[in-house]
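Each chain gets a letter, A, B and so on, in the order the sequences are listed, and its residues count up from 1.
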Amino acid sequence: MGNFLGLVLLSVVAILKSTLMPHLQVRGGAPDLMLMIIISWALLAPYEEAFTWAFMGGIVQDLLSGVPLGASALGLLIVAFVANQLQTQLYRSNLLIVLSLTLAGSVVLHVVMMGVLAASGYAVNWTYNLAYVTLPTVILNLILVVPIFRVMMGLYNRFSPRIETL
Amino acid sequence: MRGLRSRPGLFVVLFFASLVLVLLSVTGALAPFESVLSIPLNVVQGVVNDIVTGITTTVEDFADIRDLQERNRDLERSLAKLQAELIELREIKHDYERIAGLLEYTTTVTDREYVAANVIGLDTSGFMSVMYINRGARDGIEVGMPVVTDLGLVGRVTQVRAAASQVLLINDPNSCVSVRLQATRTDGSVCGQLSGTLRMELIPLDEELNPGDLVVTSGLGGKLPPGLVIGQVTSVRRFEFELFQEAEVRSLNDFNRLEFVTVITSFEPVDLSGFGPPVEETEP
C-alpha cells in the first residue's frame with residue numbers, strides 16, 4: 001500500500017481516536033488504534049513504509065491532540081523500529097510476538113509522551129498515569145490487537161501481495 | 001543519501017526530525033504550520049464527531065433509561081425547590097434595583113459577548129483534560145477566553161488555530177480557578193484532580209461549608225470574570241490539625257458529553273504577574 005493511501009488511513013484512524021475512542025474509555029485508558037496499526041504494519045511491510053507510517057501517524061495524531069507536535073511520532077517510531085527488526089528475525093504472524101509488542105509498545109509510547117509533556121512544563125503524575133491511563137490502555141490494546149492485526153494482514157495481502165518462496 | 005536507504009539510517013533521520021518538531025512545537029514556532037495543517041482535519045473531525053456523538057448518545061440514552069427516570073424525578077424536585085428560591089430572589093432583586101437606583105449605583109459589569117461553538121474532539125493522549133472546539137482565530141477567539149455552558153464554567157482557551165481552538169477543562173490537574181462560595185462569600189481555589197473531579201482548596205477552617213453550597217468564580221487574579229458557576233459542594237473534608245479545609249465540588253457539566261459551548265469573547269484576561277511587591281513612595 002502506498003504512503004498516500006497510508007496517510008488517508010492514518011488520518012481516519014487519528015480522527016476516530018479523537019472522536020469515537022473517548023466514548024470507549026475504561027478508567028482513563030482507551031484503545032490505541034494508531035499504535036496497533038503501526039505495530040501490525042511494521043511486522044508486515046518493508047521498513048521504509050513502516051517508519052514512514054509511524055512518522056505520519058504520529059504527526060496526524062499530534063495535530064488532533066494536546067501533546068506537542070512530534071511526541072507521538074517519536075514513540076511510534078521506536079515501536080515500529082523494534083517491530084520491524086523482529087520481522088526479519090522471527091515469524092511475523094506469530095501472535096505471541098504481536099501481543100508482546102503491543103504490551104511493550106503501549107508502555108513505551110505512553111512513557112515517551114509523558115516524558116515530552118513533562119519536559120515541556122506540563123505537570124505529569126507518572127505513577128497515577130501509568131496505573132490509571134496506561135494499564136487500561138494496555139489491556140484494551142491486548143484484547144483488540146489480534147483482530148486488527150488480521151485486518152491489516154488482509155489489507156497488506158490485498159495491496160502488497162508477495163510471492164512466497166519455499 | 002545512502003543512509004536513507006538503510007533501516008537504521010531512515011529511522012535516525014525520522015527520529016531526529018520528530019525531535020526537532022517537538023522542540024519547535026514546544027517553543028510555539030510551529031503554531032502557524034500546525035494551524036494550517038489542522039484545518040482539513042478539524043473539518044472532518046467535526047463531521048465525524050457529530051455522527052459519533054449522535055450514535056453514542058442514542059445508545060447511552062437507551063442504556064441509561066432507568067437512571068434517567070430517577071434523575072428526572074430528582075430534577076423535578078430540585079426544580080420545584082429552585083422555583084421557590086427564584087421567587088424569593090426576584091423579590092430581593094427588586095429591592096436591590098430600588099436601592100441601587102436611589103444610590104445612583106452604576107454596575108461595572110458590562111454586557112457579555114458570546115461565540116457559540118461545537119465540541120469537535122477530546123484529547124487523545126489520556127493524560128490531559130482538553131477538548132477542541134470549531135471556532136478559532138477567524139471567529140475572534142483568543143487565548144485565555146473563558147468557555148462556558150448554561151450550566152457553568154467549562155474551561156479556558158489555551159491554544160488558538162485558524163478554525164479551531166484548544167480548551168483546557170477546569171478538571172485538568174493543571175487547572176486552578178479562584179472561586180467563592182456564593183452563600184458565605186468565602187474565597188478559595190478549585191483545582192482539577194487526576195481522577196477528573198474538582199476540589200476546592202484553601203478554605204479557612206473557621207468557615208462553615210455544607211453540601212449543596214454553590215461555588216462561583218471570584219474574579220481574583222484577573223483570569224476569569226466573577227460570578228461564573230463552577231458547581232456544587234458535595235462533601236467537605238475538615239481536620240483540626242490542618243491549616244485549611246477542602247471540599248469536593250461537582251460540576252453540573254458532564255465534560256465527556258459536551259456538544260455545544262459558548263466562548264465569552266468580551267472578557268480580556270489580566271496578567272497580574274507584572275506587578276511587583278508594594279513599594280512605599282517617599283517624598284524627596
| request: Under the side chain to side chain contact (heavy atoms under 4.5 Å, CB included) rule, what do B/Asn42 and A/Leu64 come out as? Steps first, then yes or no, please. | output: CA-CA 8 Å; B/Asn42 289 141; A/Leu64 297 174; 3.8 Å; yes
| said: Looking at chain B, which one of A/Val12, A/Val133, A/Leu117, A/Thr137 has the largest number of heavy-atom pairs inside 4.5 Å, strictly under? | reply: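 Among the listed options, the one with the most contacts to chain B is A/Val133.
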| task | Could you please state which residues from residues 155-166 of chain B sit under 4.5 angstrom from chain A, measuring non-hydrogen atom to non-hydrogen atom, sorted by number, or 'none'? | result |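 Checking residues 155-166 of chain B against chain A gives B/Arg161, B/Gln166.
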| task | Evaluate the side-chain proximity of B/Pro8 to A/Tyr47: yes if any heavy-atom separation is below 4.5 Å, no if none is. | result |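 With C-beta onward as the side chain, the pair stays apart.
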| said: If you define the side chain from C-beta out and look only at heavy atoms, does anything of B/Pro173 sit under 4.5 Å from A/Asn125? | reply: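 SC-SC contact between B/Pro173 and A/Asn125 ruled out.
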| Inter-chain contacts: residues 100-111 of chain A against chain B, heavy atoms under 4.5 Å |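 Those residues of residues 100-111 of chain A which have a heavy atom under 4.5 Å from chain B are A/His110.
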| query | Which atoms of B/Ile51 come close to chain A, meaning under 4.5 Å heavy atom to heavy atom: side chain ones, backbone ones, both, or neither? | reply |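 No part of it gets close to chain A.
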| message | Please classify the contact between B/Asp50 and chain A as side chain, backbone, both or neither, with a heavy-atom cut-off of under 4.5 Å. | response |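 Contact with chain A involves no heavy atom of B/Asp50 at all.
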| request: Under the side chain to side chain contact (heavy atoms under 4.5 Å, CB included) rule, collect the residues that match up with B/Thr56, sequence neighbours excluded. | output: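 Testing B/Thr56 for side chain to side chain contact (heavy atoms under 4.5 Å, CB included), a comparison that skips the adjacent residues, returns A/His23, B/Val52, B/Glu60.
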| field | Region of A/Ala30 that comes under 4.5 Å of a non-hydrogen atom in chain B | value |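 For A/Ala30, there is no contact with chain B at all, as no heavy atom is under 4.5 Å.
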| task | Measure A/Val67 against the heavy atoms of chain B and call it side chain, backbone, both or neither at under 4.5 Å. | result |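 Its backbone and side chain both get close to chain B.
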| task | Show your working on side chain to side chain contact (heavy atoms under 4.5 Å, CB included) between B/Asp172 and A/Tyr122 and close with a plain yes or no. | result | CA-CA 11 Å; B/Asp172 183 273; A/Tyr122 186 86; 2.7 Å; yes
| field | Evaluation steps, side chain to side chain contact (heavy atoms under 4.5 Å, CB included), between B/Phe127 and A/Val124 | value | CA-CA 8 Å; B/Phe127 306 123; A/Val124 174; over 6 Å; no
Roughly how far, to the nearest 0.5 Å, is the [atom2] atom of [Y] from the [atom1] atom of [X]?
X	Y	atom1	atom2	answer
B/Leu122	A/Lys17	CG	NZ	12.5 Å
B/Leu14	A/Phe51	CG	CZ	8.5 Å
B/Leu41	A/Ile15	CG	CD1	5.5 Å

| query | Would a distance-only check, ignoring hydrogens and angles, find a side-chain to backbone donor-acceptor pair under 3.5 Å from A/Tyr128 to B/Leu194? | reply |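 Yes, the answer is positive, given that a donor and an acceptor are paired below the 3.5 Å cut-off.
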Side-chain atoms of residues 21-33 of chain B: list all donor-acceptor pairs with protein atoms under 3.5 Å, sequence neighbours left out, distances to 0.1 Å.
{"from": "B/Ser25", "atom 1": "OG", "to": "A/Leu69", "atom 2": "N", "distance (Å)": "3.0"}
{"from": "B/Ser25", "atom 1": "OG", "to": "B/Glu34", "atom 2": "OE2", "distance (Å)": "3.1"}
{"from": "B/Thr27", "atom 1": "OG1", "to": "B/Leu23", "atom 2": "O", "distance (Å)": "3.3"}
{"from": "B/Thr27", "atom 1": "OG1", "to": "B/Leu24", "atom 2": "O", "distance (Å)": "2.8"}

